[in-house]
There are 2 protein chains.
Amino acid sequence: MSQDTGQQRLRIWKRILREHDLRLTPARKAVMEILTGCDRPLTAQEIHDRARDHRHSLGIASVYRTLDTLSDLDLIQRIHHLQGCEAYGPALTGHKHFLICTECERMVAFPGWDELDDYFKAEGEKRGYQVKDHWLQLFGVCPECQ
Amino acid sequence: MSQDTGQQRLRIWKRILREHDLRLTPARKAVMEILTGCDRPLTAQEIHDRARDHRHSLGIASVYRTLDTLSDLDLIQRIHHLQGCEAYGPALTGHKHFLICTECERMVAFPGWDELDDYFKAEGEKRGYQVKDHWLQLFGVCPECQ
DNA sequence: TGTTAATTGATAATGATTATCAATATCAAT
DNA sequence: ATTGATATTGATAATCATTATCAATTAACA
Ligand SMILES: [Mn+2]
Ligand SMILES: [Mn+2]
Ligand SMILES: [Zn+2]
Ligand SMILES: [Zn+2]
(Lines give C-alpha, C1' and ligand atoms only; values in the text may rest on other atoms or scores of the structure.)
(Ligands and ions follow the chains in the order given, each with its own letter.)
Protein backbone atom coordinates (compact mmCIF):
# COMPACT_ATOMS: atom_id res chain seq x y z
CA MET A 1 0.00 0.00 0.00
CA SER A 2 2.71 2.44 -0.94
CA GLN A 3 1.21 5.91 -0.97
CA ASP A 4 2.54 8.10 -3.70
CA THR A 5 3.46 11.37 -2.04
CA GLY A 6 3.96 12.93 -5.44
CA GLN A 7 0.35 12.28 -6.43
CA GLN A 8 -0.75 13.55 -3.05
CA ARG A 9 1.23 16.73 -3.35
CA LEU A 10 -0.10 17.29 -6.85
CA ARG A 11 -3.65 17.17 -5.54
CA ILE A 12 -2.82 19.67 -2.84
CA TRP A 13 -1.19 22.02 -5.34
CA LYS A 14 -4.23 21.91 -7.58
CA ARG A 15 -6.47 22.74 -4.65
CA ILE A 16 -4.27 25.68 -3.69
CA LEU A 17 -4.37 27.00 -7.26
CA ARG A 18 -8.16 26.87 -7.23
CA GLU A 19 -8.23 28.61 -3.87
CA HIS A 20 -6.28 31.45 -5.43
CA ASP A 21 -8.60 31.72 -8.43
CA LEU A 22 -5.92 30.41 -10.73
CA ARG A 23 -7.13 28.32 -13.61
CA LEU A 24 -6.14 24.70 -13.91
CA THR A 25 -4.72 24.57 -17.41
CA PRO A 26 -2.90 21.78 -19.23
CA ALA A 27 0.30 23.83 -19.22
CA ARG A 28 0.20 24.31 -15.47
CA LYS A 29 -0.76 20.69 -14.91
CA ALA A 30 2.19 19.51 -16.97
CA VAL A 31 4.69 21.60 -15.01
CA MET A 32 3.16 20.59 -11.71
CA GLU A 33 3.12 16.90 -12.57
CA ILE A 34 6.81 17.02 -13.31
CA LEU A 35 7.74 19.04 -10.26
CA THR A 36 5.74 16.95 -7.84
CA GLY A 37 7.25 13.81 -9.26
CA CYS A 38 10.88 14.83 -9.49
CA ASP A 39 13.62 13.65 -7.16
CA ARG A 40 16.04 16.42 -7.96
CA PRO A 41 15.85 20.12 -8.72
CA LEU A 42 15.03 20.91 -12.33
CA THR A 43 15.71 23.95 -14.44
CA ALA A 44 13.03 25.60 -16.55
CA GLN A 45 14.60 24.07 -19.63
CA GLU A 46 14.63 20.60 -18.12
CA ILE A 47 10.99 20.89 -17.15
CA HIS A 48 10.20 22.02 -20.67
CA ASP A 49 12.01 19.05 -22.18
CA ARG A 50 10.36 16.54 -19.88
CA ALA A 51 6.93 17.99 -20.49
CA ARG A 52 7.38 17.75 -24.22
CA ASP A 53 8.28 14.07 -23.93
CA HIS A 54 4.75 13.41 -22.75
CA ARG A 55 2.63 16.32 -23.90
CA HIS A 56 3.19 18.45 -26.94
CA SER A 57 2.99 22.18 -27.47
CA LEU A 58 4.05 23.54 -24.12
CA GLY A 59 5.62 26.96 -24.48
CA ILE A 60 8.81 27.70 -22.59
CA ALA A 61 7.28 31.02 -21.54
CA SER A 62 4.52 29.16 -19.77
CA VAL A 63 7.07 27.12 -17.88
CA TYR A 64 8.65 30.30 -16.56
CA ARG A 65 5.24 31.76 -15.77
CA THR A 66 4.19 28.66 -13.88
CA LEU A 67 7.45 28.59 -11.96
CA ASP A 68 6.77 32.17 -10.93
CA THR A 69 3.24 31.33 -9.88
CA LEU A 70 4.27 28.28 -7.88
CA SER A 71 7.07 30.28 -6.23
CA ASP A 72 4.65 33.01 -5.21
CA LEU A 73 2.50 30.35 -3.61
CA ASP A 74 5.55 28.89 -1.86
CA LEU A 75 4.94 25.54 -3.49
CA ILE A 76 8.39 25.35 -4.99
CA GLN A 77 11.69 26.84 -4.03
CA ARG A 78 14.92 27.68 -5.76
CA ILE A 79 17.79 25.32 -5.07
CA HIS A 80 21.26 26.79 -5.08
CA HIS A 81 24.33 24.99 -6.22
CA LEU A 82 27.92 26.07 -6.04
CA GLN A 83 27.91 27.08 -9.72
CA GLY A 84 24.52 28.69 -9.98
CA CYS A 85 20.96 28.66 -8.82
CA GLU A 86 18.63 28.11 -11.71
CA ALA A 87 16.98 24.94 -10.49
CA TYR A 88 13.72 24.49 -8.66
CA GLY A 89 12.39 21.77 -6.44
CA PRO A 90 9.19 21.27 -4.50
CA ALA A 91 9.03 23.27 -1.30
CA LEU A 92 8.01 21.27 1.69
CA THR A 93 5.56 22.26 4.36
CA GLY A 94 7.34 24.15 7.07
CA HIS A 95 10.92 25.27 7.04
CA LYS A 96 13.27 22.61 5.77
CA HIS A 97 16.88 22.25 4.82
CA PHE A 98 18.28 20.39 1.89
CA LEU A 99 20.85 17.69 1.54
CA ILE A 100 22.00 17.44 -2.05
CA CYS A 101 24.10 14.85 -3.83
CA THR A 102 26.93 16.48 -5.76
CA GLU A 103 27.04 13.51 -8.14
CA CYS A 104 23.43 13.00 -9.23
CA GLU A 105 21.73 16.04 -7.67
CA ARG A 106 19.26 13.84 -5.86
CA MET A 107 18.12 15.63 -2.77
CA VAL A 108 16.34 15.03 0.47
CA ALA A 109 15.05 17.49 3.02
CA PHE A 110 15.58 17.51 6.74
CA PRO A 111 13.93 19.54 9.43
CA GLY A 112 15.48 22.22 11.57
CA TRP A 113 16.81 21.99 15.04
CA ASP A 114 15.67 24.26 17.85
CA GLU A 115 19.13 25.14 19.06
CA LEU A 116 20.07 26.01 15.51
CA ASP A 117 17.62 28.90 15.26
CA ASP A 118 18.77 30.24 18.61
CA TYR A 119 22.36 30.05 17.48
CA PHE A 120 21.65 31.87 14.23
CA LYS A 121 19.75 34.62 16.02
CA ALA A 122 22.52 35.03 18.57
CA GLU A 123 25.25 35.21 15.93
CA GLY A 124 23.32 37.97 14.21
CA GLU A 125 22.65 39.95 17.36
CA LYS A 126 26.31 39.89 18.25
CA ARG A 127 26.84 41.95 15.09
CA GLY A 128 23.80 44.12 15.46
CA TYR A 129 21.75 42.30 12.83
CA GLN A 130 18.14 41.28 13.24
CA VAL A 131 18.10 37.83 11.70
CA LYS A 132 14.93 37.17 9.72
CA ASP A 133 15.75 34.10 7.72
CA HIS A 134 18.46 31.63 6.96
CA TRP A 135 19.53 29.23 4.36
CA LEU A 136 21.16 25.94 4.94
CA GLN A 137 22.15 23.36 2.39
CA LEU A 138 24.38 20.36 2.85
CA PHE A 139 26.32 18.86 -0.01
CA GLY A 140 27.51 15.29 -0.10
CA VAL A 141 27.28 11.96 -1.84
CA CYS A 142 24.06 9.99 -1.73
CA PRO A 143 23.91 6.26 -0.94
CA GLU A 144 23.39 5.30 -4.61
CA CYS A 145 26.43 7.27 -5.76
CA GLN A 146 28.88 6.08 -3.18
CA MET B 1 46.78 53.37 13.41
CA SER B 2 43.80 51.77 11.67
CA GLN B 3 45.08 48.97 9.49
CA ASP B 4 43.33 48.69 6.18
CA THR B 5 42.45 45.05 5.83
CA GLY B 6 41.45 45.64 2.22
CA GLN B 7 44.96 46.78 1.29
CA GLN B 8 46.37 43.85 3.20
CA ARG B 9 44.15 41.37 1.44
CA LEU B 10 45.02 42.88 -1.91
CA ARG B 11 48.73 42.31 -1.26
CA ILE B 12 48.02 38.69 -0.34
CA TRP B 13 45.96 38.13 -3.48
CA LYS B 14 48.73 39.52 -5.65
CA ARG B 15 51.23 37.21 -4.04
CA ILE B 16 48.96 34.22 -4.60
CA LEU B 17 48.55 35.13 -8.26
CA ARG B 18 52.32 35.26 -8.66
CA GLU B 19 52.66 31.91 -6.91
CA HIS B 20 50.34 30.43 -9.53
CA ASP B 21 52.27 31.93 -12.43
CA LEU B 22 49.43 34.28 -13.24
CA ARG B 23 50.47 37.67 -14.58
CA LEU B 24 49.70 40.81 -12.68
CA THR B 25 47.89 42.91 -15.25
CA PRO B 26 46.06 46.22 -14.91
CA ALA B 27 42.75 44.49 -15.63
CA ARG B 28 43.26 41.98 -12.86
CA LYS B 29 44.51 44.65 -10.49
CA ALA B 30 41.44 46.77 -11.10
CA VAL B 31 39.05 43.92 -10.34
CA MET B 32 41.01 42.90 -7.29
CA GLU B 33 41.19 46.41 -5.89
CA ILE B 34 37.43 46.69 -6.08
CA LEU B 35 36.73 43.28 -4.62
CA THR B 36 39.15 43.66 -1.73
CA GLY B 37 37.67 47.04 -0.89
CA CYS B 38 33.95 46.27 -1.17
CA ASP B 39 31.58 45.86 1.73
CA ARG B 40 28.90 44.04 -0.19
CA PRO B 41 28.79 41.42 -2.92
CA LEU B 42 29.13 42.84 -6.40
CA THR B 43 28.03 41.53 -9.77
CA ALA B 44 30.33 41.41 -12.77
CA GLN B 45 28.52 44.41 -14.20
CA GLU B 46 28.92 46.41 -10.99
CA ILE B 47 32.59 45.64 -10.86
CA HIS B 48 32.91 46.73 -14.47
CA ASP B 49 31.15 50.02 -13.76
CA ARG B 50 33.22 50.77 -10.69
CA ALA B 51 36.45 49.96 -12.45
CA ARG B 52 35.63 52.28 -15.29
CA ASP B 53 35.03 55.13 -12.84
CA HIS B 54 38.70 55.02 -11.97
CA ARG B 55 40.47 53.35 -14.85
CA HIS B 56 39.42 53.29 -18.43
CA SER B 57 39.28 50.51 -21.00
CA LEU B 58 38.50 47.48 -18.93
CA GLY B 59 36.66 44.87 -20.95
CA ILE B 60 33.67 43.15 -19.41
CA ALA B 61 35.06 39.84 -20.64
CA SER B 62 38.13 40.38 -18.50
CA VAL B 63 35.95 40.97 -15.47
CA TYR B 64 34.33 37.58 -15.98
CA ARG B 65 37.69 35.97 -16.59
CA THR B 66 39.17 37.46 -13.46
CA LEU B 67 36.18 36.39 -11.41
CA ASP B 68 36.73 32.87 -12.68
CA THR B 69 40.39 32.99 -11.83
CA LEU B 70 39.81 34.35 -8.34
CA SER B 71 37.12 31.76 -7.73
CA ASP B 72 39.43 28.96 -8.77
CA LEU B 73 41.94 30.26 -6.25
CA ASP B 74 39.22 30.43 -3.59
CA LEU B 75 39.86 34.12 -3.14
CA ILE B 76 36.27 35.09 -3.77
CA GLN B 77 33.03 33.26 -3.41
CA ARG B 78 29.59 33.51 -4.88
CA ILE B 79 26.97 35.02 -2.65
CA HIS B 80 23.44 33.73 -3.08
CA HIS B 81 20.34 35.76 -2.66
CA LEU B 82 16.73 34.69 -2.74
CA GLN B 83 16.31 35.95 -6.29
CA GLY B 84 19.60 34.84 -7.81
CA CYS B 85 23.25 34.30 -7.22
CA GLU B 86 25.27 36.45 -9.56
CA ALA B 87 27.17 38.42 -6.94
CA TYR B 88 30.64 37.78 -5.60
CA GLY B 89 32.37 38.79 -2.41
CA PRO B 90 35.81 38.16 -1.01
CA ALA B 91 36.22 34.75 0.52
CA LEU B 92 37.78 34.78 3.94
CA THR B 93 40.52 32.54 5.23
CA GLY B 94 39.00 29.41 6.61
CA HIS B 95 35.40 28.39 6.37
CA LYS B 96 33.03 31.24 7.14
CA HIS B 97 29.33 31.93 6.97
CA PHE B 98 27.66 35.08 5.82
CA LEU B 99 25.18 37.42 7.41
CA ILE B 100 23.60 39.61 4.78
CA CYS B 101 21.42 42.68 5.07
CA THR B 102 18.29 42.33 2.95
CA GLU B 103 18.01 46.12 2.69
CA CYS B 104 21.47 47.28 1.64
CA GLU B 105 23.22 43.95 0.97
CA ARG B 106 26.01 44.84 3.37
CA MET B 107 27.45 41.64 4.71
CA VAL B 108 29.64 40.36 7.47
CA ALA B 109 31.12 36.94 7.98
CA PHE B 110 31.08 34.80 11.06
CA PRO B 111 32.98 31.66 11.91
CA GLY B 112 31.59 28.18 12.32
CA TRP B 113 30.73 26.36 15.44
CA ASP B 114 32.15 22.96 16.27
CA GLU B 115 28.82 21.41 17.20
CA LEU B 116 27.42 22.68 13.94
CA ASP B 117 29.71 20.55 11.79
CA ASP B 118 28.96 17.50 13.89
CA TYR B 119 25.24 18.15 13.55
CA PHE B 120 25.48 18.52 9.78
CA LYS B 121 27.48 15.35 9.42
CA ALA B 122 25.05 13.44 11.61
CA GLU B 123 21.99 14.67 9.72
CA GLY B 124 23.59 13.49 6.51
CA GLU B 125 24.58 10.10 7.86
CA LYS B 126 21.06 9.47 9.08
CA ARG B 127 20.05 9.56 5.42
CA GLY B 128 23.04 7.68 4.10
CA TYR B 129 24.80 10.74 2.72
CA GLN B 130 28.47 11.51 3.17
CA VAL B 131 28.42 15.22 3.88
CA LYS B 132 31.31 17.01 2.23
CA ASP B 133 30.38 20.64 2.45
CA HIS B 134 27.69 22.98 3.59
CA TRP B 135 26.35 26.37 2.99
CA LEU B 136 24.94 28.69 5.54
CA GLN B 137 23.75 32.21 5.03
CA LEU B 138 21.74 34.35 7.42
CA PHE B 139 19.52 37.13 6.19
CA GLY B 140 18.49 40.07 8.30
CA VAL B 141 18.64 43.80 8.74
CA CYS B 142 21.93 45.48 9.52
CA PRO B 143 22.35 48.11 12.26
CA GLU B 144 22.42 51.00 9.77
CA CYS B 145 19.21 49.93 8.08
CA GLN B 146 17.15 49.34 11.19
C1' DT C 1 -23.96 26.66 -24.43
C1' DG C 2 -22.34 31.11 -24.46
C1' DT C 3 -19.60 34.83 -22.23
C1' DT C 4 -15.50 36.71 -20.59
C1' DA C 5 -11.29 37.40 -18.68
C1' DA C 6 -7.24 34.63 -17.71
C1' DT C 7 -3.95 32.08 -20.03
C1' DT C 8 -1.34 30.38 -23.75
C1' DG C 9 2.39 29.87 -27.29
C1' DA C 10 5.03 32.02 -30.99
C1' DT C 11 7.99 35.47 -31.50
C1' DA C 12 10.71 39.39 -30.54
C1' DA C 13 13.46 41.80 -27.26
C1' DT C 14 16.45 41.97 -23.67
C1' DG C 15 20.28 40.81 -20.72
C1' DA C 16 24.03 38.04 -19.08
C1' DT C 17 27.73 35.06 -20.07
C1' DT C 18 30.97 32.71 -23.18
C1' DA C 19 33.78 32.07 -27.43
C1' DT C 20 36.79 34.02 -30.93
C1' DC C 21 40.84 36.23 -32.40
C1' DA C 22 44.13 39.66 -33.66
C1' DA C 23 46.66 43.00 -30.94
C1' DT C 24 49.03 43.95 -26.76
C1' DA C 25 51.63 43.59 -22.56
C1' DT C 26 53.88 40.78 -18.90
C1' DC C 27 57.82 38.69 -17.24
C1' DA C 28 61.92 36.11 -17.35
C1' DA C 29 66.10 35.58 -19.78
C1' DT C 30 69.54 37.86 -21.87
C1' DA D 1 67.31 48.00 -21.29
C1' DT D 2 65.99 44.80 -25.06
C1' DT D 3 64.13 40.84 -26.58
C1' DG D 4 61.02 37.02 -27.26
C1' DA D 5 57.67 33.60 -25.91
C1' DT D 6 53.27 33.46 -24.58
C1' DA D 7 49.57 34.79 -21.35
C1' DT D 8 46.25 38.16 -21.44
C1' DT D 9 43.41 41.67 -23.22
C1' DG D 10 39.33 44.10 -25.33
C1' DA D 11 36.15 44.36 -29.21
C1' DT D 12 32.99 41.74 -31.25
C1' DA D 13 30.11 37.99 -32.29
C1' DA D 14 27.70 34.04 -30.66
C1' DT D 15 25.15 31.76 -27.39
C1' DC D 16 22.01 31.06 -23.74
C1' DA D 17 18.43 32.26 -20.33
C1' DT D 18 14.73 35.09 -19.20
C1' DT D 19 11.13 38.60 -20.04
C1' DA D 20 7.81 41.31 -22.86
C1' DT D 21 4.32 41.48 -26.46
C1' DC D 22 0.07 40.21 -28.45
C1' DA D 23 -3.38 37.87 -31.05
C1' DA D 24 -5.61 33.42 -30.46
C1' DT D 25 -7.38 30.11 -27.30
C1' DT D 26 -9.72 28.17 -23.48
C1' DA D 27 -11.11 27.35 -18.38
C1' DA D 28 -14.58 28.52 -15.34
C1' DC D 29 -18.97 29.87 -14.29
C1' DA D 30 -23.70 31.42 -15.01
MN1 LIG E 1 16.60 26.30 8.97
MN1 LIG F 1 29.96 26.26 8.09
ZN1 LIG G 1 23.77 10.78 -5.89
ZN1 LIG H 1 21.65 47.24 5.63
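This is a predicted model, so every value here is computed, not measured. The sequence lines fix the lettering, A, B, ..., with proteins before strands; numbering per chain opens at 1.
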Taking every non-hydrogen atom, the tightest pair across A/Arg106 and B/Tyr129 = O-OH, 3.4 Å
Side-chain donor-acceptor pairs of residues 118-126 of chain B under 3.5 Å, sequence neighbours excluded:
from	atom 1	to	atom 2	distance (Å)
B/Glu123	OE1	B/Arg127	NH1	2.9
B/Glu123	OE2	B/Lys126	NZ	3.2

Round to a whole Å and report the spacing from [atom1] of [X] to [atom2] of [N].
X: B/Asp68; N: C/dT18; atom1: CG; atom2: P; value: 6 Å
X: A/Gln45; N: D/dT19; atom1: CD; atom2: P; value: 12 Å
X: B/His48; N: C/dG15; atom1: NE2; atom2: P; value: 16 Å
X: A/His20; N: C/dA6; atom1: NE2; atom2: C1'; value: 16 Å
X: B/Leu24; N: C/dT26; atom1: CG; atom2: P; value: 10 Å
X: A/Leu67; N: C/dT7; atom1: CG; atom2: P; value: 15 Å
X: A/Leu22; N: D/dT26; atom1: CG; atom2: C1'; value: 15 Å
X: A/Lys14; N: D/dA28; atom1: NZ; atom2: P; value: 11 Å

task = Give me the bend of the helix from C/dT1-D/dA30 to C/dT30-D/dA1, using the axes of the five pairs at each end, rounded to 10°.
result = 40°
ask   = OP1 or OP2 of D/dT18 less than 4.0 angstrom from a side-chain nitrogen or oxygen of A/Tyr64, does that happen here?
value = yes
Does the side chain of [X] reach to within under 4.5 Å of the side chain of [Y], using non-hydrogen atoms?
X: B/Met107; Y: B/Leu99; answer: no
X: B/Arg28; Y: B/Leu24; answer: no
X: A/Met32; Y: A/Leu17; answer: yes

Polar atoms only, N or O, under 3.5 Å: list the protein pairs with nucleotides 8-10 of chain C and their distances.
from	atom 1	to	atom 2	distance (Å)
C/dT8	OP1	A/Thr25	OG1	2.6
C/dG9	OP1	A/Ser57	O	2.5
C/dG9	OP2	A/Gly59	N	3.2
C/dG9	OP2	A/Ser62	OG	2.6
C/dG9	O5'	A/Gly59	N	3.4
C/dG9	N7	A/Arg65	NH2	2.5
C/dG9	O6	A/Arg65	NH1	3.2

key: B/His134 ring center within less than 6.0 Å of B/His97 ring center   = yes
request  = Would you please classify the geometry between the B/Trp135 ring and the A/Phe139 ring as parallel, tilted or perpendicular, with 30° and 60° separating the classes?
outcome  = perpendicular
key: A/Glu33/A/Lys29 salt bridge by N-O under 4.0 Å criterion   = no
inquiry  = Can you tell me which residue among B/Leu67, B/Leu58, B/Thr66, B/Ile60 is in a side-chain contact (heavy atoms from CB on, under 4.5 Å) with B/Ile47?
reply    = B/Leu67
